[in-house]
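Please read the structure below before turning to the comments.
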There are 2 protein chains.
Amino acid sequence: MTLTSTWALFLTTHAVLVEKIEAALKKADLPPLTWYDVLWALERAPEHRLRMHELAQGVVLSRSNLTRLVDRLETARLVKRIQATDDKRGAYSVITPAGLAMRTRMWPIYLREIENLFNAHLKPAEDAVMREALRRILKASRIADD
Amino acid sequence: MTLTSTWALFLTTHAVLVEKIEAALKKADLPPLTWYDVLWALERAPEHRLRMHELAQGVVLSRSNLTRLVDRLETARLVKRIQATDDKRGAYSVITPAGLAMRTRMWPIYLREIENLFNAHLKPAEDAVMREALRRILKASRIADD
DNA sequence: TGATAATAATTGCAATTGCAACTATAATTT
DNA sequence: AAATTATAGTTGCAATTGCAATTATTATCA
């Protein structure tokens with residue numbers, strides 16, 4: 001099966017690499033990529049906390065999915081929920097010390113895969129082109145909201 | 001949230017675009033992307049048929065997932081299974097006329113999204129760079145099988 | 001040949017996801 | 001201010017996925 005279009009290549013590459021990264025994490029007895037994403041988003045956030053809807057935005061996940069993902073992280077004590085004081089409907093998700101530790105533990109494994117599977121095969125110029133193009137695509141997608 | 005690394009952009013772009021494409025298909029009362037992939041793989045294949053494991057390879061899906069995906073396509077009469085004569089363990093999946101018709105019906109919707117969300121934002125030179133880079137990454141991933 | 005290992009595909013079951021409905025609160029309108 | 005609409009987050013339930021085990025058949029090799 002020879003893929004011709006850039007889009008088809010994009011899709012297939014994503015599927016293959018993500019599959020391999022998930023396998024590497026699992027092999028190291030670590031949680032899946034989605035957990036990493038959430039932990040990292042929270043770690044970067046001011047005060048290590050984010051409202052649920054902000055988090056959902058950041059990690060590109062539906063609200064209901066995020067609710068349950070955070071449930072799982074919470075039972076693993078990597079995150080905790082805090083009732084928002086200003087808006088009584090809202091909740092913050094805050095990363096715990098254990099969460100920070102887990103993120104740190106996952107990173108080298110994840111990084112190694114990114115390096116080996118992705119970065120290693122991109123020349124600096126290509127990397128730059130791709131980054132700029134993807135940024136443009138992403139930006140456009142936010143505007144042209146069908 | 002400003003994404004810096006190319007990999008992070010790659011992941012996010014994928015998530016956002018796929019979500020939009022799925023939404024567009026659903027809005028047009030059409031089946032999801034995975035169905036398209038299977039139908040298209042079969043349409044391209046010699047005699048419009050592929051063994052289950054070949055198909056799984058082609059669409060980057062686990063075997064068991066494919067079994068059930070083909071189940072669904074089969075109940076929708078878009079595909080049918082045929083016992084392999086040479087290898088009694090095996091089964092072929094063959095696209096039906098209705099399957100061909102469905103693929104044809106899905107394509108314009110899918111194409112429109114690809115064009116608007118992806119292609120429209122890539123200059124020809126960028127497209128070429130990206131295609132070549134992705135091909136290289138994909139090829140490497142097949143070799144370096146961890 | 002007969003035993004052993006490998007491959008093809010499916011199945012059972014648990015975990016995750018998607019979608020629509022629901023609860024609670026906040027914002028807007030008249 | 002009351003009524004209406006919108007937003008935040010969760011929940012129920014069905015559909016899909018992931019993983020390990022299973023069945024059937026084919027390939028290997030001692």
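By convention in this document, chain letters (A, B, ...) are assigned in the order of the sequence lines, proteins followed by strands, and residues within each chain are numbered from 1. Please read these numbers as outputs of a predicted model, since none were measured by experiment.
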Considering only D/dT10, C/dA26, C/dT11, which nucleotide approaches the side chain of A/Lys88 most closely? C/dA26
A/Glu115 CD: over 12 foreign heavy atoms closer than 6.0 Å: yes
Whole-Å gap separating C1' (C/dT17) and CG (A/Leu33): 16 Å
With distance as the sole criterion, is a donor-acceptor pair present between the side chains of A/Tyr110 and A/Trp40 under 3.5 Å? no
When every non-hydrogen atom of A/Met130 is compared with those of A/Leu122, the smallest separation belongs to SD-CD2, 4.2 Å
Nucleotide C/dT11, atom P - distance to CZ of B/Arg63 in whole Å: 15 Å
Between B/Val60 and B/Asp37, is the side-chain contact (heavy atoms from CB on, under 4.5 Å) condition met? List the steps. CA-CA 10 Å; B/Val60 193; B/Asp37 273 1; over 6 Å; no
Using atom CG of A/Leu55 as one end and atom C1' of D/dT10 as the other, report the distance to the nearest whole Å. 15 Å
note: B/Glu74, atom CD; C/dT10, atom C1'; distance rounded to Å ~ 13 Å
Between NE2 of B/His53 and C1' of D/dT25 the distance, given in whole Å, is 14 Å
Atom pair distance, as rounded to whole Å: CG in B/Asp86 and C1' in C/dA9: 15 Å
Anything under 3.5 Å between a protein N or O and an N or O of nucleotides 18-20 of chain C, put it in a table, one pair a line.
{"from": "C/dG18", "atom 1": "OP2", "to": "A/Asn65", "atom 2": "OD1", "distance (Å)": "2.5"}
{"from": "C/dG18", "atom 1": "N7", "to": "A/Asn65", "atom 2": "ND2", "distance (Å)": "3.4"}
{"from": "C/dG18", "atom 1": "O6", "to": "A/Arg68", "atom 2": "NH2", "distance (Å)": "3.2"}
{"from": "C/dC19", "atom 1": "OP1", "to": "B/Lys26", "atom 2": "NZ", "distance (Å)": "2.5"}
{"from": "C/dC19", "atom 1": "N4", "to": "A/Ser64", "atom 2": "OG", "distance (Å)": "2.9"}

Nearest heavy-atom neighbours spanning B/Pro32 and B/Met106: O-CE, 3.6 Å
Mind checking whether A/Phe10 and B/Phe118 have parallel, tilted or perpendicular rings, split at 30° and 60°? tilted
Looking across every strand, which nucleic acid part, if any, lies under 4.0 Å from A/Asp71 by heavy atom: base, sugar-phosphate, or nothing? nothing
Start at the 5' end of DNA chain D and walk down; is the nucleotide closest to A/Arg89 or to A/Arg81 reached first? A/Arg89
Could you tell me if B/Ser62 and B/Asn65 have a donor-acceptor pair between their side chains, going purely by distance under 3.5 Å? yes
Interatomic distance, B/Arg51 CZ vs C/dT10 P [rounded to whole Å]: 10 Å
Which whole-number value in Å describes the distance from B/Gln57 CD to C/dA8 C1'? 14 Å
Are OP1 or OP2 of D/dT17 and a side-chain N or O of B/Arg72 less than 4.0 angstrom apart? yes
